[in-house]
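This report concerns only the one structure given below.
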Amino acid sequence: QVQLVESGGGLVQPGGSLSLSCTASGIIFSGKFMGWYRQAPGKERELVARISRDGTTNYVDSVKGRFTISRDNAKNTIYLKMNNLKPEDTAVYFCNARNIDSSYLYAGYWGQGTQVTVSS
């Protein structure tokens with residue numbers, strides 16, 4: 001079966017940093033488009049960052065210059081390095097895998113999510 005498992009969430013003060021990871025199984029990882037999405041309480045899920053098969057990356061404007069997405073195909077893992085965190089970054093962060101670069105928000109496979117809380 002397909003599994004995506006996120007880790008690395010937690011509580012951090014504004015201006016701090018966190019690193020998230022997502023390890024996949026049951027898929028041909030190198031053939032997938034991967035991404036990080038987040039959902040805050042009472043708000044719609046949004047794309048945070050995505051990375052293509054060849055390593056091309058895209059970010060939502062609100063995290064550009066602060067977040068970095070990367071992938072390690074040998075470990076079937078993607079990462080999200082988050083710097084200079086802000087309270088508005090507080091959300092559940094989800095890992096996503098899809099077979100094609102579709103713009104449909106809810107396409108593909110999803111992890112269970114990991115909570116990130118930014119608060120003083």
Side-chain angles (χ1 to χ4, degrees):
Q1 78 281 17
V2 176
Q3 284 192 321
L4 286 77
V5 181
E6 303 97 332
S7 63
L11 175 64
V12 65
Q13 294 183 338
S17 299
L18 281 175
S19 294
L20 307 182
S21 64
C22 168
T23 300
S25 61
I27 62 172
I28 304 174
F29 183 84
S30 61
K32 295 293 187 291
F33 296 87
M34 304 295 297
W36 288 98
Y37 297 71
R38 67 186 180 188
Q39 189 164 15
K43 304 186 73 174
E44 296 290 333
R45 188 170 300 182
E46 68 171 345
L47 173 67
V48 178
R50 62 182 179 180
I51 184 166
S52 71
R53 299 171 180 176
D54 66 359
T56 302
T57 59
N58 291 280
Y59 300 89
V60 67
D61 286 344
S62 61
V63 309
K64 287 181 178 178
R66 300 189 297 121
F67 291 11
T68 302
I69 187 172
S70 61
R71 67 190 296 163
D72 186 338
N73 289 344
K75 297 181 178 180
N76 284 6
T77 300
I78 65 166
Y79 305 91
L80 186 68
K81 176 62 177 176
M82 304 183 291
N83 295 322
N84 192 25
L85 283 160
K86 304 175 180 180
E88 52 263 43
D89 295 318
T90 296
V92 177
Y93 284 71
F94 297 92
C95 180
N96 172 257
R98 56 189 65 191
N99 293 322
I100 194 169
D101 192 17
S102 173
S103 61
Y104 177 56
L105 182 61
Y106 297 101
Y109 303 99
W110 295 87
Q112 75 293 144
T114 185
Q115 176 71 47
V116 173
T117 302
V118 185
S119 177
S120 60

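Model, not experiment: these values are computed from the prediction. FYI, side chains are in, hydrogens and waters are out, and symmetry mates aren't considered; it's all heavy atoms of this structure.
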[X]-[Y] co-clustered via ILVMFWY side chain contacts under 4.5 Å:
{"X": "Tyr37", "Y": "Val116", "result": "no"}
{"X": "Ile78", "Y": "Leu47", "result": "no"}
{"X": "Leu85", "Y": "Leu20", "result": "yes"}
{"X": "Val63", "Y": "Val12", "result": "yes"}
{"X": "Met82", "Y": "Val92", "result": "no"}

When rounded to the nearest 0.5 angstrom, what distance separates [atom1] in [X] from [atom2] in [Y]?
{"X": "Cys22", "Y": "Trp110", "atom1": "SG", "atom2": "CH2", "result": "11.0 Å"}
{"X": "Ile51", "Y": "Trp36", "atom1": "CD1", "atom2": "CH2", "result": "12.0 Å"}
{"X": "Leu80", "Y": "Ser21", "atom1": "CG", "atom2": "OG", "result": "10.5 Å"}
{"X": "Lys32", "Y": "Asn76", "atom1": "NZ", "atom2": "CG", "result": "10.5 Å"}
{"X": "Asn83", "Y": "Thr68", "atom1": "CG", "atom2": "OG1", "result": "6.5 Å"}
{"X": "Ser7", "Y": "Tyr93", "atom1": "OG", "atom2": "OH", "result": "15.0 Å"}

Shortest non-hydrogen contact between [X] and [Y], atoms and distance:
{"X": "Ala40", "Y": "Ala91", "result": "N-CB, 3.8 Å"}
{"X": "Ser19", "Y": "Lys81", "result": "OG-CD, 3.1 Å"}
{"X": "Ala97", "Y": "Ile27", "result": "CB-CD1, 4.1 Å"}
{"X": "Met34", "Y": "Cys95", "result": "CE-SG, 4.0 Å"}
{"X": "Gln112", "Y": "Leu4", "result": "NE2-O, 3.3 Å"}
{"X": "Asn73", "Y": "Ser30", "result": "ND2-CB, 3.8 Å"}

Please confirm whether the backbone N or O of [Y] pairs with a side-chain atom of [X], one donor and one acceptor, at under 3.5 Å?
{"X": "Arg45", "Y": "Phe94", "answer": "no"}
{"X": "Thr114", "Y": "Gly9", "answer": "yes"}
{"X": "Thr117", "Y": "Thr90", "answer": "no"}
{"X": "Arg71", "Y": "Phe33", "answer": "no"}
{"X": "Asn96", "Y": "Ala107", "answer": "yes"}

For Thr57, which residues count as a side-chain hydrogen bond (donor to acceptor under 3.5 Å, both in side chains) partner, sequence neighbours excluded?
-> none

Asp101: what forms a side-chain hydrogen bond (donor to acceptor under 3.5 Å, both in side chains) with it, not counting sequence neighbours?
-> Arg50

Residues Lys64 and Asp61 bridged, charged N to O under 4.0 Å | yes

Kindly check if the number of other-residue, nucleotide or ligand heavy atoms within 6.0 Å of [atom1] ([X]) is above 12?
{"X": "Leu11", "atom1": "CG", "answer": "yes"}
{"X": "Lys75", "atom1": "NZ", "answer": "no"}
{"X": "Glu88", "atom1": "CD", "answer": "yes"}

Just wondering, do Asp89 and Arg38 contact through their side chains at under 4.5 Å, heavy atoms?
-> yes

Sub-4.5 Å side-chain heavy-atom contact between Tyr79 and Asp72 = yes

Do we get Arg66 above Tyr59's six-membered ring, with its NZ or CZ under 6.0 Å from the centre and within 45° of the axis?
-> no

